[in-house]
Amino acid sequence: MYYLTTFLIKLGAALLLLIIFIILILSYAKKHKQLKKHRKNYFVIIIILLASLLYIDQAVNTMPSFDYFMHTMGPADGPQIPFANAVKFLKQADKFRFVQDIARNPNDLPLTNQQHYIIEAEEVINEIAPKVYVNSWTFNGKIPGPFMKAKVGDQVTVTLKNKATNLHIHSIDLHAVTGPGGGAAVMQVAPGKEKTFTFKALNPGLYIYHCATPNVGVHMTHGMYGLILIEPEIELPKVDKEFYIVQGESYTSGSIGNRGLQIFDSKKYLDGNPTYIIFNGRKEALNGNMHAQVGDKIRLYVGNGGVNLVSNFHVIGEIFDTVYPEGGTPVQHDIQTTVIPAGGATIIEFEVELPGKYILVDHALARLDKGVWGILEVQGEWNDDLYTPMPN
Ligand SMILES: [Cu+2]
């Protein structure tokens, strides 16, 4: 009941301040002649007005709005979290596990292929930016979900468990699957239950997987996405370092930087105007976790969970030697910025020639201020032949 109580206390305090303000105004109207002689009263009134407006703003920002009743033209009953569910959420929010760090480490890649993946959907509370808390829906408690790997022609089995404390049905649609719903048609799992299905990996490539329970976009933007690599017959060339990155969006009721628990904002979601855009689930998730040495060959597996934006992926100070556009088979060379569609993924390879900090961005650069950047740190010897400051 902590979150609901907090909200009610905030709202009560806001109303109390407003009532005090109204009383003061009425009192002023009655005795304005006397008040004019004591100008400090104006100051008191202004302070109380500002405080009550601030309090009301804060309280309303943490509350589901009337947008929750919005109806759409989509195939599902959305995009709202139904209002009843929002109340249920506020009541049960303190039962969700608080995840200290929601970010999947970009080094968290499997060493070997597996034939059977067991994944658990878990709804949690986590910090997306300093002191900004959101309700995330995850695969295995991290964003993105686990990196899955198999070889073309493999028979792959996926079990999805839905944690009993969850409020929603969840599912899995892997873009590597050929067949209705990509798995989702047979993998809708109620809280406390589990389901299993198997598929044959027909096409090599790097694919997004995501929850596909209506409203699908709402589930995805809460963090339910990850990547699956179906290796080709001829293995990808050996590299020194591999990293796993997925871009995502978060639509919070409060503005950027507003602290406290934030509720999902369905209007911002429909308008395609995320409050936060992030790599691996939170602001600065990659920083301190991506290291390489001069001369290393790097491979990035980069996905875009969307749900609205196309990523314009770029590494400042590097040129991609090889790009597998949209994770497919033909490759391109010498690419500066590569487009990763919502619901798509790309393999990027480059060698690092100089030490320093290389910033990964979505090159629609206003998005940096919404959080979508990370640092690759490279150590080693400087090479004057490649890059030299000239004396003045
Ligand atoms: Cu889901």
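Residue numbers run from 1 in the order of the sequence given. Worth knowing before you read on, the calculation uses all heavy atoms, side chains too, and leaves out hydrogens, waters and symmetry mates. Quick caveat, the model's predicted, so the values are computed rather than measured. Order of listing sets the numbers, starting from 1, for every ligand and every atom in it.
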Could you tell me whether [X] and [Y] make a salt bridge, using a distance below 4.0 angstrom between a side-chain N and a carboxylate O?
{"X": "Asp321", "Y": "Lys297", "result": "no"}
{"X": "Glu120", "Y": "Lys163", "result": "no"}
{"X": "Asp362", "Y": "Arg367", "result": "yes"}

Notebook entry, point to check: Does any N, O or S atom of Thr213, backbone or side chain, fall under 2.8 Å from the Cu ion (ligand 1)?
Noted result: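 Of the N, O and S atoms in Thr213, none lies under 2.8 Å from the Cu ion (ligand 1), which means no.
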Notebook entry, point to check: Can you name the N, O or S atom of His170 that is closest to the Cu ion (ligand 1)?
Noted result: ND1
Check: Any idea which N/O/S atom from His219 gets closest to the Cu ion (ligand 1)?
Finding: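 Result for His219 and the Cu ion (ligand 1): ND1.
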Next item on the list: Nearest 10° is fine: what angle sits at the Cu ion (ligand 1) between SG from Cys211 and SD from Met224?
Entry: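 Here the angle at the metal atom is close to 110°, to 10°.
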Check: Would you say Ser250 and Thr275 make side-chain contact, with heavy atoms under 4.5 Å?
Finding: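 SC-SC contact between Ser250 and Thr275 ruled out.
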